[in-house]
Structure formats: structure tokens, C-alpha cells
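Since the structure is predicted, the reported quantities are computational estimates derived from the model, not experimental observations.
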Amino acid sequence: MLIHIKMKKSALAFFCFLLAFVTISCASSPKAEKPLWADSFSVNQVFPPEKYITALGYANTKEMAASVADGNLASYFSKEISSYTRVTQVLSNAKEAKERLSREIIVKSQIELFGIKHTEAYFDSQEKNYIVCAYISREEAWGVLEPKLNIHYSSLSKNIVQVKNQEGLKAVINVNKILSNASDFEDLYYMALFIYPNRCEKYTHLMEELQKLKEHLSSLSRAVKIKINVKGDVDGRIYAKISSLVSDSNFTVCKSGENHIMNVNVDITEQVTGAVYAIYPKVSVEISDKKEIISSFSKSLEKVAAFNSNTVQRMALSKIEDVLEEEFVETCLK
């Protein structure tokens, strides 16, 4: 009995010793410290803002935390770059530019353009979630942006010099082409301005030149005076339609004193089979500056049919009006 009691005491003493050892060991094992980058207040110590752009992501898995960090980084780009469009006031419609950039920047900032990198995920035992920091090196981003900017800069600068010596509808068309091709450059410019504003001087100069072109476009268009001649127009509907489209595009329609001629041919020749009248409507347009043809447009439309001549002609003219509304301005005047 005495031996049994002693054995119980020995087992209890050993258990107490083991518990104390485990407790001391756990207390002496250092708890993993939260890295500086995982705290929004100290992340700048690891990633200085003058060298990096960062965003944190929080989620219950490592993968989701990285994805959230990417989204936050993209949103930050969208907000900051959009603010540059307002501050610089380079674009004539900053609101439109902001909305367009907001739609596009999220996609662009997550592809090869900036090469987003991530830290290893840290599990926050208190918050019960993972934290990942997505970051972009400004220097690396600039290394990708600069060659793209230079390609656009060289092409646009050359075209602007050429168009300055032009006038009339040809100049209007070429200016519109330049401004249309400049949209990618504008997006890249605002990204570059956000990353390294002090390296953007020559690109800012080009943006100012583009703005001057936009302002000049209106006076260029008004100086284009077009006399419109229409053949095959039954009751003047096509003349009225084209005149309206030309005027709405800021050009001048005139009966005399013109510097451009627009010749329009309308074909609504009827084909009669029994009691059915059919027409295959056609329309063609040529615009010249009295020296050469500047632009042209031609369209053959689907057959229309009716049981009397007046009805089928109205239907054919309506089809021609519709196609002029949809395609004529973009094809001939821009």
C-alpha cells in the first residue's frame, strides 16, 4: 500500500514537472511578430513611397488576400491618376477622361504594364485572416512606360507637324485621326505622371499640343464650306438629311462661296414584277476640295418591296437615311 501511494506521488510529481516544462518552453518561445509591411501605419518603412506604390489585402486565404491587395492597388491607381486629369486640366473633358480611366486602369494595372509583386502572406492570429502587400517599383514601372510613351510621342509629334500645314476637310480628317490615335498615349501619360511627374516634361508638352489641336478643330471645321449636289432625290429628303448631318458636324452648308463640293447619287430605280414594286437602294457620296477627292462613301442596301410605287420609294429613302445616319459622318467627315 505504501509503495502504491509513493508511485502515485511520483507520477503526480512527474506530471507537474512536465506541465511546468511545457509552460516555460511555450513562454520562452518567441511569438512571430507582425511584419512592418503588414501594418498600414508602418508599411512605408519597408516600401518608401518615393520608390514604391503599395496596397494591403486582407482575407481568410492567402490567394484571396493577394487578389484583394491587387484590387486595392488598382483602385488606388484609378483614384490617383484620375485626380491628375483634373489637376493638370490638360484634357478638354476631364470628367470623361476620369470615367474612362477608372474603367480601364483596373485592367491595365494588373497586367504586364507594372509587374505587380507580392510579399509572403502573414497570418494575423488576432484578426484570424491573412495579410498580403501588393507593391510596384516606380523605377520598374517607368522602365516599361517610357518606351511605350516614346513610340507614341515620336509618331504623334510627326503627325502634328504635318497637319499644321493643311487646311480644309483634309486637315479636319487628319486632326481627328491624330486625336483618335492619341487616346492610348493619354492613358499612358497619366500613369507616368503619377509614377514620376518630374520625368514627364516633354510628354506634357505633347499633351498641350494635342489640346491646342482639339481647340483648333472647331475653327477648322467651320471654315469648310460645302455645296451639296444630290441626284436621284425624289422629294429632297436625302438633301435635307445630309445637310443636317454636315451642319451637326460643325461644317458650313452653302449654296455659293463654297470651298468644297459634295456630290451625292441616289439610286432608287424600281423593278416591277406583276403587282409588286421592288427597289435595291444605293447611295454614293464624294467630297472634293475642287482639286482632289478628299473622302467618299458608297452603300448598296437590301431590297425593299411594296404593292405601289410611292410606298416602295418611301421605304427605300428611309433605308438610305438610316445608313447615312449610321455611317456617313464617320466615313466621310472624320
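Counting only distance, with no hydrogens or angles, the side chain of T252 and the backbone of K225 share no donor-acceptor pair below 3.5 Å. Judged by distance alone, the side chain of S244 and the main-chain N or O of A240 form no donor-acceptor pair under 3.5 Å. With hydrogens and angles ignored, the 3.5 Å screen pairs a side-chain donor or acceptor of S221 with a backbone N or O of L217. Side chain of N159 to main chain of I178: no donor-acceptor pair is present (N/O by atom type, distance under 3.5 Å, no hydrogens or angles). The main-chain N or O of L36 is found under 3.5 Å from a side-chain atom of S42 such that the two form a donor-acceptor pair. Of the possible donor and acceptor atoms, none in the side chain of N72 sits under 3.5 Å from a partner among the backbone N and O of A55. Side chain of T273 to main chain of V276: no donor-acceptor pair is present (N/O by atom type, distance under 3.5 Å, no hydrogens or angles). One N or O on the side chain of S183 and one on the backbone of S180 form a donor-acceptor pair closer than 3.5 Å.
Using a 4.5 Å heavy-atom cutoff, the side chains of N181 and K177 are in contact. Put simply, the side chain of R237 does not reach to within 4.5 Å of the side chain of K241, judged on heavy atoms. With a 4.5 Å cut-off on side-chain heavy atoms, T119 and F47 count as touching. Side-chain contact between W37 and T54: absent, with no pair of heavy atoms (C-beta onward) separated by less than 4.5 Å. In this structure the side chain of L324 reaches within 4.5 angstrom of the side chain of F297, judged on heavy atoms. L169 places none of its side-chain heavy atoms less than 4.5 Å from the side chain of D289. For the pair L206/S157, a side-chain contact is recorded, criterion being any heavy-atom separation below 4.5 Å from C-beta on. By the 4.5 Å heavy-atom criterion applied to side chains, L145 and Y196 are not counted as neighbours.
A distance of 11.0 Å separates CG of L149 from CG of D184, quoted to the nearest 0.5 Å. How far CD of E327 is from SG of C332: 10.5 Å, rounded to the nearest 0.5 Å. Rounding to the nearest 0.5 Å places CD1 of I261 at 12.5 Å from CD1 of I293. The NZ atom of K303 sits 12.0 Å away from the NZ atom of K319 when rounded to the nearest 0.5 Å. L333 CG to N176 CG: the interatomic distance, rounded to the nearest 0.5 Å, is 9.5 Å. The distance from atom CG of L301 to atom CG of D322, rounded to the nearest 0.5 Å, is 9.0 Å.
Side-chain atoms of Y280 and T269 form no donor-acceptor pair, as typed in the model, at a separation below 3.5 Å. A side-chain donor-acceptor contact under 3.5 Å links R222 and S218. In summary, the side chains of H118 and D70 do present a donor paired with an acceptor at a separation below 3.5 Å, with no hydrogens or angles considered. Side-chain polar atoms of D124 and N129 form no donor-acceptor pair below 3.5 angstrom.
Sparse packing is recorded around CD of E120, with 12 or fewer heavy atoms of other residues, nucleotides or ligands lying under 6.0 Å away. More than 12 heavy atoms of other residues, nucleotides or ligands sit less than 6.0 Å from atom NZ of K202. Within a 6.0 Å radius of CD in E286, other residues, nucleotides and ligands contribute 12 heavy atoms or fewer. In E270, the CD atom is crowded: over 12 heavy atoms of neighbouring residues, nucleotides or ligands sit closer than 6.0 Å. Within 6.0 Å of CD in E292 there are more than 12 heavy atoms belonging to other residues, nucleotides or ligands. The 12-atom threshold is not exceeded at NZ of K291, counting heavy atoms of other residues, nucleotides or ligands nearer than 6.0 Å.
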(request) Apply side-chain contact (heavy atoms from CB on, under 4.5 Å) to F328 and V283, showing your working. (result) CA-CA 10 Å; F328 166 68; V283 61; over 6 Å; no
(message) Set out, in order, the CA-CA distance, both residues' side-chain angles and the distance that settles side-chain contact (heavy atoms from CB on, under 4.5 Å) for I131 and D39, then state yes or no.
(response) CA-CA 9 Å; I131 306 174; D39 190 306; over 6 Å; no
(request) Go through T331 and V285 one step at a time and tell me if the side-chain contact (heavy atoms from CB on, under 4.5 Å) criterion holds. (result) CA-CA 10 Å; T331 304; V285 180; over 6 Å; no
(message) What verdict does the side-chain contact (heavy atoms from CB on, under 4.5 Å) test give for I116 and I136, after you've listed the backbone C-alpha separation in whole Å, the side-chain angles of each residue and the deciding distance to 0.1 Å?
(response) CA-CA 5 Å; I116 297 176; I136 292 169; 4.0 Å; yes
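Residues K51 and E139 are not paired through a salt bridge, judged by the lack of any N-O separation under 4.0 Å between the basic side chain and the carboxylate. Between E215 and K212 there is no salt bridge, since no side-chain N of the basic residue sits under 4.0 Å from a carboxylate O of the acidic one.
For the pairing with V144, the side-chain contact (heavy atoms from CB on, under 4.5 Å) check across E146, E140, K148 returns one residue only, K148.
No continuous path of hydrophobic side-chain contacts links Y58 to F41 [ILVMFWY only; heavy atoms under 4.5 Å]. Note on V132 and V46: separate hydrophobic clusters, where clusters join Ile, Leu, Val, Met, Phe, Trp and Tyr whose side-chain heavy atoms are under 4.5 Å apart, directly or indirectly. Clustering ILVMFWY residues whenever any of their side-chain heavy atoms sit less than 4.5 angstrom apart, transitively, puts M64 in a cluster other than the one holding L73. Hydrophobic clustering places Y239 together with V246 (ILVMFWY residues linked when any side-chain heavy atoms are closer than 4.5 Å, directly or through intermediates). Grouping the Ile, Leu, Val, Met, Phe, Trp and Tyr side chains by contacts below 4.5 angstrom, directly or via other members, places V68 apart from Y122.
Residues passing the ring pair (Phe, Tyr, Trp, His ring centres under 6.0 Å) test with F123, sequence neighbours excluded: Y130.
Heavy-atom minimum distance, R138 versus P49: NE-O, 2.7 Å. Closest approach of Y135 to Y52, counting heavy atoms only: CD1-CD2, 4.0 Å. Closest of all the heavy-atom pairs between N174 and Q166 is ND2-OE1, 2.7 Å. The nearest pair of heavy atoms linking A316 to I279 is CB-CG2, 3.9 Å. The two residues A306 and M315 have their closest heavy-atom pair at CB-SD, 4.1 Å. Closest approach of L56 and A38 over heavy atoms only: CD1-O, 3.9 Å.
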